[in-house]
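This report concerns only the one structure given below.
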Amino acid sequence: MSKSGGQLGRSAIVVGAGIGGLAAAAALAGKFGTVTMLDRDSLPEGASWRMGAGQGAHVHQLLKAGEQSLERLLPGITEDFYRAGAVDMRVGRDVKVFDFGGWMDECDVGFSVTSLSRPAYESILRRRVAALPGVTIRGETDVRRFTVEGGRCTGVELSDGMVLTADLVVDSSGMTGPLMRQLVEDGHAEYESEHIRINVAYTTARFRKPEKYRDEKIGFFFLPAPPEKHFGFILPIENDEWIISLGTRGHDAPPRDVAALKEYASKLPDPAVYDRIKDAEAVSELKTFRKGTATRRKIWEAPKWPKRLLPAGDALSSVNPTYGQGMTVTACAADALSGLLSKRAETGAGLDGLEKEYLTAAAAFAARAWGLSVNSDYVYPETEGERPSNFAMSRAVAATLRKLADEDMDFRVLRYRLVHMVDPDNVLSEGPLAIRFFTALQGSMAS
Ligand SMILES: Cc1cc2nc3c(=O)[nH]c(=O)nc-3n(C[C@H](O)[C@H](O)[C@H](O)COP(=O)(O)OP(=O)(O)OC[C@H]3O[C@@H](n4cnc5c(N)ncnc54)[C@H](O)[C@@H]3O)c2cc1C
């Protein structure tokens, strides 16, 4: 039941049972008599890869803010992650980051993060959400369109023609699903979208850790500076495995077999990854993923949008995955939704105007991820699109913070806290380090 014990409606529908849908359903449970999740994919029992979330084969880091939001939505979930074999990684110490041409020095940021495969995160969430009051998760159920009457979303039409009604509908069908396009074609929505050609390609395999690395909890993130385009991530995950994703930008092809993957790893700016996998056994097939475009649908400023329809997760905004933000953004937005619903249940405010309130909150999380990734993407000439007018300033801010992080422990900790979204964006301009930061920024811009 919701904290107030009150309900806001009889039924809610969530389209898409990925991370976005599951987090949203956790926010809705108890506030509606029933919450029905619909996914066209066949949903596995355990932590298996599935076609409908093909990106799940690749490294998925859950940032601290995402973990905190999921914990608020589903108390005890972090412990569930650990019980399923998540590796406990101390941020600043176990997660080694190579960016701006060098390693970040070590520090104690004061918190750990979990490291699991994405199918494991999803299966644990699915089990927890399925156990919430009133929640049903239906796989192999393809949604054809949202039904809208008098400017209000009333439910969904399935591809077999069946219509399901609901007081509130969440679209968490991802960025490539057909439903948003259908909604516009049906004349129920008008909004602008922003696209940036990022042309990022990933190749991933999982390896059994050799005996001598079994107790090691270290992961590496290589995000070299231009003109170097190759990036790579290695994370320890459940079952004494590493997951390794290597990638590139532009039209280069990523490696296509394990031998080529190892060879590719040997060309990263530090031998850390290669040293670990050169004699390791691959325990998965190689999977590739190409993401051509970062897209955000600016529904928060849409001239036309149905009431009672909430876009969540990648359906709203989908950025370059290299910065590991997608799951966190959608978890934070669901957490905010939960707060809005609780308040409405307490005050008896009902559902009117919810979509506006929710979109304001969700857009802020999406904007944060968008700003960071787009400004980092635009450094590469391979990224197509007009650079924003504040691009030079954004780069100067990022470079200054990175330099200060090399020199000063307080800034190092702050940088990690910002990356993990546990501090608000404005901490640089308004927090206790603001004056020192602006002095350094001015100095770097003058030189
Ligand atoms: C290569 C790669 C690496 C990534 N790495 C990270 C990372 O390190 N950290 C991180 O946080 N994020 C990462 N991401 C991003 C992350 O995967 C997404 O942001 C996140 O999964 C979004 O979840 P979602 O539920 O919104 O969408 P999705 O996971 O795409 O789920 C959408 C669901 O909707 C269903 N669906 C679609 N259409 C219909 C329909 N018509 N009817 C019924 N069901 C439908 C699909 O079957 C699917 O299950 C990565 C992405 C990629 C591509």
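Read the numbers this way: they start at 1 and go in the same order the structure lists the ligands and their atoms. Start at 1 with the first residue, then count along the sequence.
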- protein heavy-atom neighbour closest to atom 19 (O) of ligand 1 works out as Asp314 OD1, 2.7 Å

- How are the rings of Phe111 and His420 set relative to one another: parallel (under 30°), tilted (30 to 60°) or perpendicular (over 60°)? perpendicular

- Can you find an N or O of Gly20 that's nearer than 3.5 Å to an N or O of ligand 1? yes

- Message: For the 3.5 Å polar cut-off, considering only N or O atoms, please tell me whether Gly177 and ligand 1 meet it.
- Response: no

- Message: Considering both backbone and side-chain atoms of Val59, is one of its nitrogen or oxygen atoms within less than 3.5 Å of a nitrogen or oxygen in ligand 1?
- Response: yes

- Would you say the side chain of Pro226 lies within less than 4.5 Å of the side chain of Tyr380, judging by non-hydrogen atoms? yes

- Message: Tell me the protein heavy atom at minimum distance from atom 33 (C) of ligand 1, and give that distance in Å.
- Response: Asp39 OD2, 3.6 Å

- Closest to atom 51 (C) of ligand 1 by heavy-atom distance, out of Gly18, Pro321, Pro311, is Pro321

- Query: How far is atom 21 (O) of ligand 1 from its nearest protein heavy atom, and which residue and atom name does that atom have?
  - Reply: Arg118 NH1, 2.3 Å

- For atom 8 (O) of ligand 1, the closest protein heavy atom turns out to be Gln61 N, 2.7 Å

- Query: Is the backbone N or O of His195 less than 3.5 Å from a side-chain atom of Arg197, with the two atoms forming a donor-acceptor pair by type?
  - Reply: no

- Query: Between Lys229 and Asp252, is the closest basic N to carboxylate O distance under 4.0 Å?
  - Reply: yes

- Quick one: does Leu179 get within less than 4.0 Å of ligand 1, heavy atoms only? yes

- Task: Kindly confirm or rule out an N or O of Tyr202 lying under 3.5 angstrom from an N or O of ligand 1.
- Result: no

- Query: What are the atoms of ligand 1, with element, lying closer than 4.0 Å to any heavy atom of Ile19?
  - Reply: 25 (O)

- With only distance considered, is Met327 within less than 3.5 Å of ligand 1 through an N or O on each side? yes

- Message: Considering non-hydrogen atoms of the protein only, which is the closest contact for atom 27 (O) of ligand 1, and what is the distance?
- Response: Gly174 CA, 3.8 Å

- Going by an N to O cut-off under 4.0 Å, is there a salt bridge joining Arg206 and Glu238? yes

- Message: Assess whether a salt bridge exists between Glu106 and Lys96, defined as any Lys/Arg side-chain N lying under 4.0 Å from an Asp/Glu carboxylate O.
- Response: yes

- Taking Asp108 as the fixed residue, which of Arg90, Arg93, Arg412 is the one that meets the side chain to side chain donor-acceptor pair (under 3.5 Å) rule? Arg90

- Query: Which heavy atom of Lys217 sits nearest a heavy atom of Asp88, and at what distance?
  - Reply: CD-O, 3.3 Å

- Item | Any side-chain heavy-atom pair of Arg128 and Ile77 under 4.5 Å | yes

- Note on the structure: Of all heavy-atom pairs linking Tyr323 and Ser376, the shortest is OH-CB, 3.1 Å

- Atoms of ligand 1 close to Gly16 [distance to a heavy atom under 4.0 angstrom, numbered from 1]: 33 (C), 34 (O), 35 (C)

- For Lys287 against His58, the heavy-atom pair lying closest together: O-CE1, 3.2 Å

- Message: Between Glu192 and Lys298, does any side-chain N to carboxylate O distance fall below 4.0 Å?
- Response: no

- Nearest heavy-atom neighbours spanning Ala294 and Trp370: O-CH2, 3.6 Å

- Note on the structure: So the atoms of ligand 1 within less than 4.0 Å of a heavy atom of Ser172 turn out to be 32 (C), 33 (C), 34 (O)

- Task: Tell me which protein heavy atom sits closest to atom 43 (C) of ligand 1, plus the residue, atom name and distance to 0.1 Å.
- Result: Arg40 N, 3.2 Å

- Short list, please: which atoms of ligand 1 are under 4.0 Å from a heavy atom of Asp142? 40 (C), 41 (N), 42 (N)

- Item | Atom indices of ligand 1 within 4.0 angstrom of Phe289 heavy atoms, with elements | 53 (C)

- Task: Report yes if Lys291 has an N/O atom closer than 3.5 Å to an N/O atom of ligand 1; otherwise report no.
- Result: no

- Message: Show the atoms of ligand 1 that are less than 4.0 angstrom away from any heavy atom in Gly313.
- Response: 26 (O)

- Could you name the option among Met175, Gln55, Arg50 that has the heavy atom nearest to atom 30 (O) of ligand 1? Gln55

- Query: Are Glu355 and Thr360 close enough that some pair of their side-chain heavy atoms sits under 4.5 Å apart?
  - Reply: no

- In this structure, atom 37 (C) of ligand 1 is nearest to the protein heavy atom Ser173 O, 3.2 Å

- Message: Looking at Arg145 and Glu185, is any side-chain nitrogen of the basic one under 4.0 Å from a carboxylate oxygen of the acidic one?
- Response: no

- Item | Distance from atom 17 (O) of ligand 1 to nearest protein heavy atom, with residue and atom | His60 NE2, 2.7 Å

- Which of the atoms of ligand 1 are close to Gln325, meaning less than 4.0 Å from one of its heavy atoms? 10 (C), 11 (O)

- Item | For Gly326, atoms of ligand 1 separated by under 4.0 Å from a heavy atom | 10 (C), 11 (O), 12 (N), 19 (O)

- Task: Check if Thr141 has a non-hydrogen atom at a distance under 4.0 Å from any atom of ligand 1.
- Result: yes

